[in-house]
Engineer: 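Take this structure first; my questions come after.
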Amino acid sequence: MQRLHTLNILLQQAREQRDAMLSEVQRAAQAQQAALAQLDQLIGYRGDYEARWSAQFKQQGQMELVHCYHGFTGRLTQAVEQQERAVVQAHTRHGELLAQLREQELRVASVAKLIERRQAEQRLVLDRREAKQNDELAARMQRMRQASGF
């Protein structure tokens, strides 16, 4: 009985760890989505900016404006590259957490299976004990019948 109690505590802890890991995986997935959305927004903004200024340069291109345009476009490109790295990091983190979650799920399933086996063993022991008691009782009753002449 004590072993089952200990195993049930272990199962509860494993489930709590799994649930905590699941929450962390969900947060990582949200962070990954947010990083992707920000990347898409930056790429879209850069495209709009380039389109707007390329039309402006067709009309009249002052060198000062061209330098500002190139400087800002360069900074936008750096921001896009930085955000791409953030997306890759978020994706990697999410993948690592998913692997850890699978390990936690396996641990929960293993402990649950062990508990199931222990319970089956206990039931078998109890069933055998009961069968033995019934056999002994039947044997005693048979001896009593024989002794009383039935």
Side-chain angles (χ1 to χ4, degrees), residues 1-56 67-150:
M1 267 326 225
Q2 181 61 28
R3 282 188 290 177
L4 273 179
H5 178 69
T6 303
L7 287 174
N8 280 322
I9 291 171
L10 181 61
L11 179 61
Q12 183 61 32
Q13 289 173 342
R15 284 179 175 158
E16 288 170 2
Q17 290 171 347
R18 180 213 43 210
D19 293 345
M21 183 59 61
L22 181 59
S23 294
E24 202 170 332
V25 165
Q26 290 169 340
R27 284 191 300 276
Q30 291 169 347
Q32 181 181 359
Q33 290 296 350
L36 279 169
Q38 189 172 0
L39 176 61
D40 288 343
Q41 189 177 22
L42 278 170
I43 290 171
Y45 180 74
R46 183 179 61 180
D48 291 345
Y49 182 80
E50 288 172 345
R52 185 174 57 244
W53 279 100
S54 68
Q56 181 76 13
H67 289 298
C68 285
Y69 166 78
H70 284 295
F72 188 68
T73 302
R75 286 190 295 280
L76 272 176
T77 298
Q78 288 174 343
V80 167
E81 290 168 352
Q82 181 179 355
Q83 193 59 33
E84 286 171 339
R85 288 189 295 275
V87 167
V88 168
Q89 288 173 345
H91 178 72
T92 301
R93 176 75 175 139
H94 184 249
E96 291 168 352
L97 290 173
L98 279 175
Q100 291 175 17
L101 177 62
R102 282 190 288 276
E103 290 173 13
Q104 288 294 331
E105 289 286 358
L106 183 59
R107 185 167 183 232
V108 167
S110 297
V111 173
K113 189 67 172 174
L114 182 59
I115 289 172
E116 202 175 285
R117 271 189 260 142
R118 294 290 188 254
Q119 288 172 334
E121 288 171 4
Q122 281 185 347
R123 279 191 302 275
L124 184 61
V125 166
L126 291 175
D127 289 347
R128 285 181 181 164
R129 187 177 298 149
E130 187 179 329
K132 183 179 176 183
Q133 289 172 349
N134 288 339
D135 290 345
E136 289 173 356
L137 180 61
R140 264 189 261 134
M141 291 180 75
Q142 181 67 25
R143 283 191 300 269
M144 285 174 50
R145 274 189 232 133
Q146 288 175 348
S148 63
F150 286 109

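Since the structure is predicted, the reported quantities are computational estimates derived from the model, not experimental observations.
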Engineer: Does Gln104 reach the side chain of Gln100, with side-chain heavy atoms less than 4.5 Å apart?
Structural biologist: no
Engineer: Under 30°, 30 to 60°, or over 60°: which ring-plane class applies to Tyr69 and Tyr49, parallel, tilted or perpendicular?
Structural biologist: parallel
Engineer: Decide yes or no for Val125 and Gln122: does some side-chain heavy atom of the first lie under 4.5 Å from some side-chain heavy atom of the second?
Structural biologist: no
Engineer: Compare every heavy atom of Ala28 with every heavy atom of Leu97, then report the nearest pair and how far apart it is.
Structural biologist: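 Residues Leu97 and Ala28, closest heavy atoms: CD1-CB, 3.5 Å.
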Engineer: Applying salt bridge (Lys or Arg N to Asp or Glu O under 4.0 Å), which residue pairs with at least one partner in residues 11-20 are found, sequence neighbours left out?
Structural biologist: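 Qualifying pairs, neighbours excluded: Arg18-Glu105.
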Engineer: Report yes if some heavy atom in the side chain of Arg107 is under 4.5 Å from a heavy atom in the side chain of Gln17; otherwise report no.
Structural biologist: yes
Engineer: Side chain to side chain contact (heavy atoms under 4.5 Å, CB included) for Arg3 and Thr6? Distances and angles first, verdict last.
Structural biologist: CA-CA 5 Å; Arg3 282 188 290 177; Thr6 303; 5.7 Å; no
Engineer: Please report the interatomic distance CG(Asp40) to CD(Gln38), rounded to the nearest 0.5 Å.
Structural biologist: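 Here the rounded value is 10.5 Å.
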Engineer: Atom CD of residue position Gln82 - does it have more than 12 heavy atoms of other residues, nucleotides or ligands inside 6.0 Å?
Structural biologist: no
Engineer: To the nearest 0.5 Å, what is the distance between CE (Met144) and CG (Leu137)?
Structural biologist: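 Between Met144 CE and Leu137 CG, I get 9.0 Å after rounding to 0.5 Å.
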Engineer: For Gln32 and Ala90, which heavy atoms make the closest approach, and how far apart are they?
Structural biologist: CA-CB, 3.7 Å
Engineer: As an exercise, state the distance from CE of Met21 to CD of Gln26, rounded to the nearest 0.5 Å.
Structural biologist: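 Output value for this atom pair is 12.0 Å.
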Engineer: Around Glu121, counting heavy atoms of other residues, nucleotides and ligands shown, do more than 12 lie under 6.0 Å from its CD?
Structural biologist: yes
Engineer: Can you list the steps and then say if Glu24 with Arg93 is a side chain to side chain contact (heavy atoms under 4.5 Å, CB included)?
Structural biologist: CA-CA 10 Å; Glu24 202 170 332; Arg93 176 75 175 139; 2.6 Å; yes
Engineer: Could you tell me the separation between the CG atom of Leu36 and the CD atom of Glu84, rounded to the nearest 0.5 Å?
Structural biologist: 10.5 Å
Engineer: Please determine which of Leu114, Ile115, Ile9 meets the side-chain contact (heavy atoms from CB on, under 4.5 Å) test together with Leu4.
Structural biologist: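 Option passing the side-chain contact (heavy atoms from CB on, under 4.5 Å) with Leu4: Ile115.
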Engineer: Would you name the heavy atoms of Leu7 and Val111 that are closest together and state the gap between them?
Structural biologist: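 Where Leu7 meets Val111 most closely, the heavy atoms are O-CG1, 3.7 Å.
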Engineer: Quick one: CD on Gln133 to CG on Leu126, what's the gap to the nearest 0.5 Å?
Structural biologist: 9.5 Å
Engineer: Roughly how far apart are Leu101 CG and Leu106 CG, rounded to 0.5 Å?
Structural biologist: 11.0 Å
Engineer: Are any non-hydrogen side-chain atoms of Val80 and Gln83 less than 4.5 angstrom apart?
Structural biologist: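 Side chain of Val80 against side chain of Gln83, heavy atoms only: no contact under 4.5 Å found.
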